[in-house]
Amino acid sequence: MERRDFLAAMTVGAAAGGVPLAGATPQRQGGAAARLPSGAADRAFMLDILERMATPVLGRMARGRLRAEWKPEVSATWDKRGIEVAYLEGFGRLIDGITPWLALADSGDAESRLRARLRDQALESYAQSVMPGGADRLAWDGHGQALVDSAYFTSALLRAPKTLWEPLDAPTKQRIIAVIQGLRRVSPPYSNWLLFAAMNEAFLLAVGAQWDPVRIDLALRKFGEWYVGDGWYADGVDFHYDYYNSYVIHPMLTQILGVLVDRKAGFNSLKPEERLAVQLKRMQRYAEHLERMIGPDGAFAAIGRSLTYRTAAHQPLAMLAWRKQLPATLPEGQVRAATVAAQRRIFADPSNFDADGFLTIGFTRHQPSLGDWYSNAGSMYIASESLLALGLPASDPFWTVTGQEWTMRRAYSGQDFRKDYYVDY
């Protein structure tokens with residue numbers, strides 16, 4: 001096969017949903033213009049994924065029927081912890097990723113009607129999650145895994161307090177505060193788990209409840225020690241080449257420091273404003289690496305544990321886009337095109353969802369053999385973190401600018417592309 005024919009075949013083969021994701025320049029396609037999907041098409045694709053993730057979980061939990069109607073899949077190497085952890089994982093991780101979109105203003109169109117329904121269900125689900133004796137009260141008192149997923153549960157409340165926290169009734173708020181404070185019983189290992197404890201304390205600070213500055217101070221000090229350079233943190237003493245910088249470390253460090261700055265909560269020798277400025281630059285640098293690891297066809301490096309978290313690997317790109325903090329080296333049209341291409345590639349196979357609409361264990365399809373000893377179907381909902389940019393309205397330039405070819409598309413179609421250098425902050 002000639003090179004031109006190969007590139008054309010690769011282009012067609014990488015497309016999903018009838019949308020061409022061309023891999024070559026117009027010259028290498030016989031003069032046919034290579035077109036990326038429009039912002040409207042990208043947003044529609046992401047909204048479909050959001051609806052498919054959210055509806056089965058929130059629709060049942062809002063009615064107190066999630067446990068009764070969902071028996072989550074577990075990995076072949078499951079460590080036999082109680083399956084009740086899966087429901088906290090599923091709700092906490094899902095809600096954290098879709099919250100920015102839930103917080104958008106409504107306009108009466110079909111998207112707004114969907115949002116209004118899911119928002120109401122989210123609020124009712126929060127109430128169900130702490131209801132004494134409730135059928136869908138979450139597993140706050142059992143396995144230490146609850147500390148992990150409580151941090152996503154509270155992160156969502158921090159991301160949109162006017163949407164998810166303020167509308168809750170007083171008893172529900174007090175119950176949430178009580179269960180979060182109760183998780184101090186879990187002693188986190190010296191790893192990314194320190195950030196889960198710190199995130200919860202940041203939430204308690206933000207809502208005016210009793211909080212423990214030592215848990216935040218410890219996490220920030222240790223990750224200051226564990227920074228290994230060029231935008232990457234070790235996950236404890238040893239460096240792990242995986243996506244935990246995406247799943248936990250960069251997003252939570254940034255959120256925690258942001259709360260300290262907003263609340264003017266300086267303590268010890270910590271200088272939150274200075275730390276946040278440096279942390280933002282580090283996350284931007286790490287985001288440059290993530291963008292460069294997305295291949296010409298949307299495939300990205302399959303590295304490290306928890307690979308079944310799928311597109312959660314791109315949470316920093318999505319978070320920076322939503323917060324309008326992308327670096328100048330990553331134009332919005334380029335980030336949108338790259339990350340949605342990755343979503344199309346990952347979610348092309350229908351077996352990513354089971355017959356009842358719940359996410360399955362896998363990477364590009366149902367692949368239970370990829371599950372880790374802690375993996376269950378609830379764990380998979382962290383993939384919603386790649387949907388954060390949906391918190392920008394459809395009129396935002398992120399969605400209206402023309403899509404741009406990302407680094408590896410340019411590199412592998414023979415175009416010039418930006419050189420890369422390490423940073424020392």
Side-chain angles (χ1 to χ4, degrees), residues 1-29 32 34-37 41-42 45-46 49 230-232 241-247 284-318 320-321 326-327 329-349 352 362-365 367 370 383 385-387 389 402-420:
M1 181 182 292
E2 294 183 0
R3 176 175 170 78
R4 181 179 61 189
D5 295 334
F6 170 77
L7 287 169
M10 180 181 70
T11 293
V12 173
V19 180
L21 296 176
T25 61
Q27 291 78 13
R28 292 174 187 249
Q29 293 190 47
R35 297 188 181 278
L36 290 164
D42 284 341
F45 181 86
M46 288 178 64
I49 295 298
D230 208 20
W232 288 76
Y241 189 46
D242 56 30
Y243 287 116
Y244 272 79
N245 271 263
S246 292
Y247 304 148
Q284 289 171 330
R285 173 58 181 158
Y286 176 71
E288 290 179 333
H289 289 139
L290 291 176
E291 188 270 347
R292 282 177 178 262
M293 286 195 283
I294 300 174
D297 60 351
F300 60 94
I303 58 170
R305 63 194 179 100
S306 302
L307 193 60
T308 57
Y309 293 171
R310 298 177 169 94
T311 52
H314 297 145
Q315 180 181 187
L317 285 163
L320 289 168
L326 287 168
T329 54
L330 294 176
E332 290 184 316
Q334 181 173 319
V335 169
R336 189 194 76 225
T339 54
V340 183
Q343 290 169 354
R344 285 190 169 94
R345 187 66 188 260
I346 290 292
F347 289 105
D349 192 302
N352 282 289
F363 183 55
T364 60
R365 58 177 175 83
Q367 296 163 296
L370 291 180
E385 300 286 8
S386 66
L387 305 177
T402 301
Q404 298 181 41
E405 295 188 323
W406 53 98
T407 303
M408 290 298 102
R409 271 179 63 103
R410 296 182 64 84
Y412 281 92
S413 62
Q415 301 178 61
D416 290 337
F417 59 98
R418 190 178 63 83
K419 292 187 289 186
D420 192 43

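None of these values were measured; they are calculated from a predicted model.
For Glu291 and Thr407, the side-chain atoms include at least one donor-acceptor pair closer than 3.5 Å. Looking at Tyr243 and Ser306, their side chains never bring a donor and an acceptor atom within 3.5 Å of each other. Counting only N and O atoms by type, the side chains of Glu288 and Thr329 include a donor and acceptor under 3.5 Å apart.
Glu332 CD to Leu320 CG: the interatomic distance, rounded to the nearest 0.5 Å, is 11.0 Å. Here Arg410 contributes atom CZ and Gln415 contributes atom CD; the two are 4.5 Å apart, rounded to the nearest 0.5 Å. A distance of 8.0 Å separates CD in Gln367 from CG in Asp349, rounded to the nearest 0.5 Å. Atom CG of Asp42 sits about 4.5 Å away from atom CZ of Arg344, to the nearest 0.5 Å. Atoms OG and CZ, on Ser386 and Arg310 in that order, are 11.0 Å from each other to the nearest 0.5 Å.
Minimum interatomic distance between Ala342 and Phe300 (heavy atoms only, all atoms of both residues): CB-CD2, 4.0 Å. The minimum heavy-atom distance between Leu317 and Leu290, with the atom names listed, is CD1-CB, 3.8 Å. Minimum interatomic distance between Met408 and Arg292 (heavy atoms only, all atoms of both residues): CG-O, 3.0 Å. Here the shortest heavy-atom pairing between Leu36 and Ala337 reads CD1-CB, 4.1 Å. Scanning both residues, Tyr412 and Pro296, for their nearest heavy atoms gives CB-CG, 3.7 Å. In this structure, Asn352 and Arg365 approach most closely via the heavy-atom pair OD1-N, 3.6 Å.
Here the side chains of Gln343 and Ile49 are not in contact, with every heavy-atom distance at 4.5 Å or above. The closest side-chain heavy-atom distance from Val335 to Leu326 is below 4.5 Å.
Judged as a ring pair (Phe, Tyr, Trp, His ring centres under 6.0 Å), and not counting sequence neighbours, the contacts of Tyr309 are Tyr247. Residues passing the ring pair (Phe, Tyr, Trp, His ring centres under 6.0 Å) test with Tyr241, sequence neighbours excluded: Trp232.
Taking 4.0 Å as the cut-off between side-chain N and carboxylate O, Asp297 and Arg345 count as a salt-bridged pair.
The backbone N or O of Gly295 sits less than 3.5 Å from a side-chain atom of Trp406, completing a donor-acceptor pair. With hydrogens and angles ignored, the 3.5 Å screen pairs no side-chain donor or acceptor of Thr308 with any backbone N or O of Gly362.
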Given side-chain contact (heavy atoms from CB on, under 4.5 Å), test Thr311 with Phe347 step by step and report yes or no. CA-CA 9 Å; Thr311 52; Phe347 289 105; 3.8 Å; yes
Working for side-chain contact (heavy atoms from CB on, under 4.5 Å), residues His289 and Asp230: CA-CA 9 Å; His289 289 139; Asp230 208 20; 3.5 Å; yes
